[in-house]
Amino acid sequence: FVATPAFIYLLGAFKRKVWVSAAWVSSILLFIPLALYFTTGIFQFGYRYVLDMIIPFITLLAVSVQTEKLALHMKAIILAGVLVNYWGVWWFYRHWCR
């Protein structure tokens, strides 16, 4: 949630529709092998393995937000995620890009 704090809005995506349930089931089924895979992750920043679940997560975010215009707090959370990832890229490549 630090690299993409907008995923906190996934908690509001509990609707009784078939495709919402399918997105949750696919996220859970994708999470099972990811939870069983073990690596230290020392040479990465963020959630590299969670990117496998990004399509169901984006679908669930669309259900959770449900408006055409984003609220100010949602924009602030998205901007915070962009800044954290910008810092992560700078931190990761600071030794090689001199």
Side-chain angles (χ1 to χ4, degrees):
F1 289 108
V2 173
T4 308
F7 283 161
I8 198 77
Y9 284 96
L10 291 175
L11 301 175
F14 291 106
K15 308 284 185 211
R16 295 197 180 263
K17 294 184 179 177
V18 174
W19 60 276
V20 173
S21 299
W24 278 114
V25 168
S26 66
S27 297
I28 292 167
L29 289 176
L30 286 166
F31 180 74
I32 291 170
L34 293 175
L36 297 174
Y37 182 73
F38 175 75
T39 183
T40 60
I42 195 167
F43 293 113
Q44 70 185 31
F45 175 82
Y47 51 91
R48 182 178 128 199
Y49 298 110
V50 178
L51 287 175
D52 296 337
M53 298 184 289
I54 199 77
I55 293 179
F57 278 5
I58 296 295
T59 304
L60 292 169
L61 277 176
V63 169
S64 176
V65 174
Q66 288 187 351
T67 60
E68 290 182 21
K69 200 168 187 179
L70 293 177
L72 184 60
H73 56 86
M74 183 70 167
K75 290 179 184 178
I77 287 176
I78 291 170
L79 180 63
V82 168
L83 292 174
V84 165
N85 281 289
Y86 177 77
W87 175 82
V89 169
W90 174 82
W91 173 78
F92 192 78
Y93 290 111
R94 72 180 185 266
H95 298 293
W96 294 289
C97 296
R98 290 186 184 221

Enumerate, atom names and distances included, each donor-acceptor pair closer than 3.5 Å involving a side-chain atom of residues 18-30, sequence neighbours excluded.
unit_1	atom_1	unit_2	atom_2	d
Ser21	OG	Lys17	O	3.2
Trp24	NE1	Ala13	O	2.7
Ser26	OG	Ala22	O	3.2
Ser26	OG	Ala23	O	2.9
Ser27	OG	Ala23	O	2.9

Could you go through residues 50-65 and list every donor-acceptor pair under 3.5 Å that involves a side-chain atom there, pairing it with any protein atom two or more places apart or in another chain?
unit_1	atom_1	unit_2	atom_2	d
Thr59	OG1	Ile55	O	2.9
Ser64	OG	Tyr9	O	2.6

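With hydrophobic clusters built from ILVMFWY side chains whose heavy atoms lie under 4.5 angstrom apart, Val84 shares a cluster with Trp91.
Between Ile77 and Ala6, the closest heavy-atom pair is CG2-N, 3.4 Å.
Interatomic distance, NZ of Lys69 versus CE of Met74, reported as 15.5 Å (0.5 Å rounding).
Alongside Leu83, the hydrophobic cluster contains Leu79 (criterion: ILVMFWY side chains under 4.5 Å).
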